[in-house]
Amino acid sequence: MQSSATGVETATTTWFGPETDTPGSGSPTRYELTESYPIDPAQPPTHEVIDAVVDMSELSGGQTTLTLYEHIDPDALNDLIDASEDKRSHVEVRFRVDGYLIVVRGTNTIHVYEPL
């Protein structure tokens, strides 16, 4: 999987807002875009998400103990992204993995953000 941070419209983002961050914290966590990855239409989006997280984690030899289902339902993610691609809708699924904010878009892209 090759990464490309070019042509990305948003350099920073928040999770969704203060109501979804830790209760009692003053302002929502801000994230900075670190990488952008294309989703190969021939592969399930979840395979590409795992590759992106492993790449960002810089684990030696690509070894990981990541179990995606602890963070999101992999089948639902695949179904949402596949259905949005067929209908040309702009679905965006956000979830956190090991401190990273992962944004999977129906436009066949994965954006990985680190907390600021």
Side-chain angles (χ1 to χ4, degrees):
M1 174 185 292
Q2 293 196 350
S3 65
S4 169
T6 60
V8 177
E9 64 237 22
T10 307
T12 63
T13 190
T14 59
W15 168 244
F16 284 109
E19 66 276 1
T20 58
D21 266 12
T22 307
S25 65
S27 61
T29 302
R30 299 222 22 100
Y31 293 89
E32 179 177 29
L33 180 66
T34 56
E35 289 291 335
S36 181
Y37 300 88
I39 295 175
D40 179 355
Q43 295 293 322
T46 52
H47 290 178
E48 303 291 329
V49 168
I50 291 170
D51 287 347
V53 172
V54 168
D55 185 48
M56 288 305 303
S57 301
E58 298 178 7
L59 300 169
S60 61
Q63 299 290 323
T64 183
T65 59
L66 173 68
T67 49
L68 193 59
Y69 64 85
E70 291 179 358
H71 304 280
I72 192 167
D73 180 333
D75 293 330
L77 176 63
N78 286 335
D79 290 346
L80 280 169
I81 299 303
D82 290 343
S84 69
E85 182 180 274
D86 294 342
K87 296 179 182 174
R88 307 234 190 278
S89 62
H90 297 287
V91 169
E92 181 175 282
V93 178
R94 292 177 175 219
F95 57 98
R96 293 183 224 185
V97 175
D98 297 334
Y100 293 102
L101 175 63
I102 310 298
V103 179
V104 183
R105 293 187 174 163
T107 56
N108 285 329
T109 56
I110 301 167
H111 299 297
V112 179
Y113 294 84
E114 286 184 311
L116 291 175

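Expressed to the nearest 0.5 Å, how far CD1 of Ile102 lies from CG of Leu77 amounts to 11.0 Å. Of the inter-residue distances, the one linking Gln43 atom CD with Asn78 atom CG reads 10.5 Å to the nearest 0.5 angstrom. Taking CG from Leu33 and CD from Glu114, the interatomic distance works out to 10.0 Å, rounded to the nearest 0.5 Å. To the nearest 0.5 Å, atom OH of residue Tyr113 and atom CZ of residue Arg94 are 6.5 Å apart. Here the CD1-CG distance, from Ile50 to Asp55, works out to 13.5 Å after rounding to the nearest 0.5 Å.
Every side-chain contact (heavy atoms from CB on, under 4.5 Å) that Asp73 has, sequence neighbours left out, goes to Asp75, Ala76. With sequence neighbours excluded, the residues that form a side-chain contact (heavy atoms from CB on, under 4.5 Å) with Thr109 are Arg105, Thr107, His111.
By the 4.5 Å heavy-atom criterion applied to side chains, Val104 and Ile39 are counted as neighbours. At a threshold of 4.5 Å between non-hydrogen side-chain atoms, the residues Val103 and Tyr31 do not count as touching. Between Phe95 and Leu68, the closest side-chain pair of non-hydrogen atoms falls below 4.5 Å. With a 4.5 Å cut-off on side-chain heavy atoms, Val53 and Val112 do not count as touching.
Here the side chain of Asn108 pairs no donor or acceptor atom with the backbone of Pro41 at under 3.5 angstrom.
Shown here for Ile81 and Gly106, the closest heavy-atom pair between the two residues is CD1-N, 4.0 Å. Of all heavy-atom pairs between Pro115 and Gly99, the closest is CD-O, 3.2 Å. Taking every heavy atom of both residues into account, Val93 and Ile72 meet most closely at CG1-CD1, 3.5 Å.
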